[in-house]
Amino acid sequence: MPEIMVFAAEGRTLEQKRGLVKDLTEAMVKNFGVPADVVTVQIVEAPKTDKAKGGVLFCDR
């Protein structure tokens, strides 16, 4: 059972998340040759106050 974890700063809409999980699932079906119903996608969101890049919090970017 393939599982995909996506780590991201919060702020994406429900429609964006739906599109992402659909596309990731389709890619797994195509490239791994598994049925869609065995693919698990989990989106792990962090508040922008709890995620940084280059030493700068996302809320300050």
Side-chain angles (χ1 to χ4, degrees):
M1 167 174 67
E3 185 168 347
I4 302 167
M5 294 188 71
V6 177
F7 295 90
E10 67 183 357
R12 302 312 189 286
T13 68
L14 186 55
E15 286 307 310
Q16 288 173 316
K17 293 176 190 178
R18 285 185 176 126
L20 177 65
V21 299
K22 180 179 181 288
D23 290 348
L24 290 173
T25 300
E26 289 173 358
M28 190 66 75
V29 169
K30 175 184 173 188
N31 293 286
F32 276 30
V34 297
D37 64 345
V38 302
V39 178
T40 300
V41 178
Q42 180 175 355
I43 301 171
V44 180
E45 291 186 295
K48 291 182 179 181
T49 56
D50 295 351
K51 192 171 184 90
K53 185 173 185 178
V56 180
L57 288 169
F58 276 47
C59 64
D60 295 332
R61 294 172 70 83

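Worth saying up front: this structure is predicted, and the values here are computed from it rather than measured. Sequence positions, counted from 1, serve as the residue numbers for this chain.
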Within residues 19-29 or reaching into it, pairs that qualify as salt bridge (charged side-chain N to carboxylate O under 4.0 Å, His left out) - sequence neighbours excluded: Lys22-Glu26
Salt bridge (charged side-chain N to carboxylate O under 4.0 Å, His left out) partners of residues 43-53, not counting sequence neighbours, each pair once: Lys17-Glu45
Hydrophobic cluster (4.5 angstrom, side-chain heavy atoms) - remaining members for Met5: Phe7, Val44
Those residues that, when tested against Asp60, pass side-chain contact (heavy atoms from CB on, under 4.5 Å) (two or more places apart): Val56, Leu57
Pairs satisfying salt bridge (charged side-chain N to carboxylate O under 4.0 Å, His left out), at least one member in residues 5-15, at least two apart: Glu15-Arg18
Heavy-atom pair with the smallest gap, counting every atom of Phe58 and Ala52: CE1-C, 3.5 Å
Linked hydrophobic residues, Leu20 as query - side chain contacts closer than 4.5 Å: Ile4, Val6, Val21, Leu24, Met28, Phe32, Val34, Val38, Val39, Val41, Ile43
